[in-house]
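For reference, the structure discussed in these notes is given below.
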Amino acid sequence: MSRIQESVIIRTVVRIMVPFIELFALYVIIHGAGGPGGGFQGGVIFGAAIILYAMIYGIAEGKKKMSDALDKILASTGLTIYAGTGLLCILFGGMFLQYGSVPLIPDNPALVSKYLIDLVELGIGTTVAAVMISLFFDVSPPESEEGELPDYEGVDV
Amino acid sequence: MIWILDITMLFFLVVCAIAAISIKDLLSAIIILSAYSLIMAVVWVEMHSVDVGFTEAAVGAGITTVLFIATLARTEGRSED
């Protein structure tokens with residue numbers, strides 16, 4: 001465990017900040033249809049929150065929150081939501097991802113489109129977050145090694 | 001368009017790009033690349049492309065830096081050439 005990970009200030013700040021970063025990620029995902037943002041950016045921010053937690057509290061502690069099995073389930077669930085929404089539109093006689101063709105709310109295809117876009121964005125965000133977290137777990141060094149970073153001469157980490 | 005801001009940002013962009021490929025220490029190169037991404041995000045927003053700037057800031061300056069540093073922790077940290 002490196003000196004950064006032992007610091008009480010950093011551990012406390014990270015513990016307080018992670019929920020707010022996740023809330024911001026959800027805001028970016030939902031806001032994506034009408035303004036800047038979207039599923040990809042929100043998913044990356046959500047993944048960054050979990051990665052921040054795993055960096056400070058250790059990879060093993062991070063894997064307790066986000067296990068490899070959960071990673072795989074979330075990554076495939078997001079893809080299923082995306083493809084399922086698209087196929088639902090085909091099922092109701094439209095084209096792939098032609099949201100207006102789903103008769104969810106009678107006589108208002110624009111409103112259906114708004115809700116289904118949010119659903120698709122949520123699917124994208126879930127997959128991107130899960131893949132980013134599993135990427136970090138795959139490249140991060142094993143816990144047995146000393147600290148997160150190698151020791152450099154002259155660089156105080 | 002604030003042209004003096006544009007020129008300043010693009011100048012720092014070129015400086016960061018040259019520094020990132022010419023420096024020997026790989027940790028410094030990663031941090032400079034992160035700074036490059038941050039400046040690039042500001043340039044994107046300045047060009048009224050907020051969505052691309054958002055992605056650049058989240059992916060380029062955020063996740064890529066973390067992944068590079070995590071990869072660096074498994075290597076020696078110095079470039080041979």
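Within residues 51-58 of chain B, the residues approaching chain A closer than 4.5 Å by heavy atoms are, in numerical order, Asp51(B), Phe54(B), Thr55(B), Ala58(B).
For Phe96(A), the CZ atom is densely surrounded, since the number of other residues' heavy atoms within 6.0 Å is greater than 12.
If you chain together hydrophobic residues whose side chains sit under 4.5 Å apart, Val120(A) and Phe92(A) fall into the same group. Residue Val28(A) is not grouped with residue Ile30(A) when hydrophobic side chains (ILVMFWY) are merged at heavy-atom distances under 4.5 angstrom, including chains of intermediate members. One hydrophobic cluster, built from ILVMFWY side chains closer than 4.5 Å, cannot hold both Ile29(A) and Phe24(A); they sit in different ones. In the hydrophobic clustering of this structure, Phe12(B) groups with Val43(B); members are Ile, Leu, Val, Met, Phe, Trp, Tyr whose side-chain heavy atoms approach within less than 4.5 Å, directly or through other members.
With sequence neighbours left out, the side-chain contact (heavy atoms from CB on, under 4.5 Å) criterion links Ala29(B) to Ile23(B). Applying the salt bridge (Lys or Arg N to Asp or Glu O under 4.0 Å) rule to Lys65(A) yields no partners; only residues at least two apart in sequence or on another chain are considered.
Within the structure, no pair that satisfies the side-chain hydrogen bond (donor to acceptor under 3.5 Å, both in side chains) test touches residues 24-37 of chain A, not counting sequence neighbours.
Contacts between Leu135(A) and chain B at a heavy-atom distance below 4.5 Å involve backbone atoms as well as side-chain atoms.
The shortest heavy-atom contact between Ser140(A) and Ala70(B) is CA-CB, 4.1 Å.
When each of Thr71(B), Ile63(B), Val50(B) is checked for heavy-atom pairs under 4.5 Å with chain A, Ile63(B) comes out on top.
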Going through the distances and angles, do Phe68(B) and Val139(A) end up as a side chain to side chain contact (heavy atoms under 4.5 Å, CB included)?
CA-CA 9 Å; Phe68(B) 276 155; Val139(A) 297; over 6 Å; no
